[in-house]
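Below you'll find the structure, written out as structure tokens, and then a few comments.
Values below: all heavy atoms of this structure, side chains included; hydrogens, waters and symmetry mates excluded. Count residues from 1 along the sequence. All values derive from a computational prediction rather than experimental measurement. Both ligands and their constituent atoms are indexed starting at 1 by order of listing.
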Amino acid sequence: MAGWVHRRRDHGGLIFLDLRDSRGLVQVVFHPESAPEAHGVAGGVRHEFVVAVTGEVSPRKDGTENPDLPTGEIEIIASKVEVLNEAKTPPFPINEETEVEELLRLKHRYLDLRRERMRKNLRIRDQATAFIRNFLHERDFIEVETPILTNSTPEGARDYLVPARQHPGTFYALPQSPQQYKQLLMVAGIERYFQIARCARDEDQRADRQPDFTQLDFEMAFADEEDVMSLTEELFSALAAHVRPDLKIISPFPRITFEEAMRRFGSDKPDLRYGLELYNLDDVAGSSEFGVFRSAIETGGTVEGICVPGGTEFSRKEIDSLTSFVQGLGAKGLVSIGLLGTPAALGEDDVRSPVAKYLSPELVETAAKRAGAKQGDLLLLVAGEGGKGKTEPGSSNRVKPALDGLRREIAVRLGLADDGILHYAFITEFPLVEWDEDVERWDALHHLFTAPMVEDMKYFESDPAMVRSRAYDVTCNGTEIGSGSVRIHERVVQERVLRLLGVSDDVAQRRFGHMLEAFEYGAPPHAGFAPGIDRLVAQLASEDDIREVIAFPKTKSGMEPLTGAPSVVEQEQLDVLGIKLVEQPEA
Ligand code: ASP
């Protein structure tokens, strides 16, 4: 057997080595009498040396078995050992699951990947992609690769550009997604396409974002949202059962419209593992003596809240920390109302709130009723600007994002987010467009190839905000896993959408002329989806950060510490490309 020395123990003459290879560990024993030479060599090896051992597999002595190890019932009695390579002391322990600083881990990723957690994660990822490929092949999908050097795609992020040496002054873009190609493959008559596709978007990084990432990209001709969602549900359920049979999957996956998701959870990626649903108090808050509520309503804002079961147990300090928490999310403040009595018959002393004297019994009772509150529960209310906008930063609605964040925070504090559950859901009927204040025009909420809902076309010119799209997202435990939509497949409709988005006919022709033209050659109706593999696998591996399931990830600032990318290049390379730097970077 060959592998790495995971651990060495010297026990009164006997030497034990735990030998590790890509599949796991086995114990090797060296006896000083029966194999003196091997014993001598074993005495000199250290952690992470690479060795080859010859010996005999033998059952362990009674009482020395290790039930925690798959090979715990046997050991190898070594007759010979050869050191294939030595190893310096690693910068962090390989044989312990200790916390190690991220930069150090990434700089020595080849050592980090030796650790059990990472080996397990890479295996889960491999199992998942193999399963997905199989599943789709069995259903007549074919995998087609699309270019990595391509043209800018309108996925809404900044492009990574690659200078084209042979055409000075021009650039390729790395694909933000294979969106246009997969639609063109539908026009090409492929009918069922998929690809485990690498994509790149130049965006600010977060725990669930990387500059380059992987999507399961797929597209189906003669299909609608139902076909795509039911296939996805079948795939995700089978995948999770295959890779993590110990996790509970909630099925069927609920389908929630965007409007309902925002109303009930304040988010288009709600965590459905617990309740804590939002309720609205606009009707009663408008006539409240409490100035904050009244003025919010008078200025077109809103008052909404959630209810924390048993929350009257929270200390003053805990409530203060929740207040700072929502302020961090843009809310002005947090009103807490502890229900010390039965909500149906609240006496004066039954309401505990710093603003109790301004709160009418009607307001408290209505809130309690809408929240389904019981004695001992805590109502938490936020007042502020309204609007049905998205939860992203920049939206004018500060109440919903605050309550969405508060829901999640309280779920963590109360241990409500069960990590043994995968609660997938489809979010549907997104608005087609949203108003972009900065550039003063309509922006596609999904992307510009998404079909509008036919029944909403009557608002298309008069009130575009009312038009819903045929887009859908899949979410899991409060994270967006992927987006997709039924696509536009007719030139006239595509042109109408482009016009709505303020794209002039000229620009439309230049940037999307190939799509418009393709739609004129018998483009079938089609729909598709693109779940993120990194996020999907991270959840299957019970990891919070997608970096834990990517072999060579980048840091939050987009650096790859192992190779040092991105890096300064030779002047010659720039000269060939005809590129002059405005500022010299620091070496
Ligand atoms: N291309 C889209 C995206 O990457 C997904 C899709 O519509 O299929 O967001």
Side-chain angles (χ1 to χ4, degrees), residues 132 136 141 143-148 150-160 173-187 190-203 206 208-221 223-229 231-232 235-236 258 268-269 390 392 426-434 443-453 468-475 479-489 494 497 501 511-512 515 523-536 546:
I132 290 169
L136 292 173
F141 283 79
E143 184 165 12
V144 182
E145 288 169 76
T146 54
I148 206 79
T150 177
N151 248 333
S152 178
T153 49
E155 238 34 91
R158 212 171 270 131
D159 286 314
Y160 281 102
L174 300 183
Q176 290 191 31
S177 89
Q179 184 62 34
Q180 299 187 43
Y181 289 113
K182 69 173 167 177
Q183 289 192 244
L184 293 169
L185 287 171
M186 294 303 104
V187 183
I190 295 299
E191 290 197 41
R192 290 184 156 211
Y193 143 91
F194 85 97
Q195 181 180 192
I196 309 272
R198 309 304 313 281
C199 309
R201 297 182 192 177
D202 188 358
E203 297 177 290
R206 294 194 307 230
D208 58 0
R209 263 196 204 152
Q210 279 274 284
D212 45 349
F213 59 96
T214 311
Q215 286 184 343
L216 163 60
D217 195 49
F218 70 89
E219 197 75 11
M220 303 158 77
D224 60 16
E225 37 279 81
E226 192 46 49
D227 298 305
V228 174
M229 285 191 278
L231 181 98
T232 307
L235 169 62
F236 281 20
F258 172 80
D268 58 359
K269 31 187 170 294
K390 292 251 303 165
E392 314 282 84
F426 293 109
I427 312 297
T428 62
E429 298 182 23
F430 282 84
L432 181 73
V433 289
E434 63 182 345
D443 237 350
L445 204 72
H446 186 38
H447 53 62
L448 55 82
F449 303 111
T450 298
M453 279 175 67
R468 288 163 300 168
S469 74
R470 299 180 71 181
Y472 34 78
D473 276 2
V474 63
T475 64
T479 310
E480 181 202 316
I481 302 290
S483 305
S485 59
V486 174
R487 325 296 186 186
I488 297 167
H489 66 285
Q494 189 66 73
V497 169
L501 300 177
R511 287 193 60 200
F512 307 114
M515 296 296 286
H526 56 285
F529 218 175
I533 292 278
D534 308 300
R535 292 185 193 178
L536 191 62
I546 60 171

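Residue-level proximity to ligand 1 for Q183 is absent, since no heavy atom of it falls below 4.0 angstrom. Only backbone heavy atoms of F529 (N, CA, C or O) come within less than 4.0 Å of ligand 1; its side chain stays farther off.
Ligand 1 has no N or O atom lying under 3.5 Å from any N or O atom of E219, backbone or side chain. Considering backbone and side-chain atoms alike, Q176 places every N or O at 3.5 Å or more from each N or O of ligand 1. For ligand 1, the polar-atom distance check finds no N/O of D217 at less than 3.5 Å from any of the ligand's N/O atoms.
Note that CE of M515 is 4.5 Å distant from CZ of F449, once rounded to the nearest 0.5 Å. With rounding to the nearest 0.5 Å, the separation of OG1 in T232 from CD in E225 is 12.0 Å. Note that CZ of R487 is 4.5 Å distant from NE2 of H447, once rounded to the nearest 0.5 Å. Atom CD1 of residue I533 and atom CD1 of residue I196 lie 4.0 Å apart, to the nearest 0.5 angstrom. D443 CG to L432 CG: the interatomic distance, rounded to the nearest 0.5 Å, is 11.0 Å.
Atoms of ligand 1 lying under 4.0 Å from any heavy atom of Q215, numbered from 1 in the order shown and given with element: 3 (C), 4 (O). Remark: ligand 1 atoms within the under-4.0 Å shell around heavy atoms of K182 are 6 (C), 8 (O). Which parts of ligand 1 touch R487 is read off a 4.0 Å heavy-atom cut-off, strictly below it: atoms 6 (C), 7 (O), 8 (O). Under a 4.0 Å criterion applied to the non-hydrogen atoms of S177, ligand 1 contributes the atoms 1 (N), 4 (O). Ligand 1 places these atoms under 4.0 Å from at least one heavy atom of G484: 6 (C), 7 (O). Residue-ligand proximity, A530 to ligand 1, at heavy-atom distances under 4.0 Å covers atoms 5 (C), 8 (O).
The environment of CD in E145 is sparse: at most 12 heavy-atom neighbours from other residues, nucleotides or ligands sit within 6.0 Å.
The main-chain N or O of F529 is found under 3.5 Å from a side-chain atom of K182 such that the two form a donor-acceptor pair.
With distances taken over non-hydrogen atoms, the option nearest atom 4 (O) of ligand 1 out of Q179, H447, R201 is R201.
A side chain to side chain contact (heavy atoms under 4.5 Å, CB included) with I546 is found for exactly one of D534, T479, T214, namely D534.
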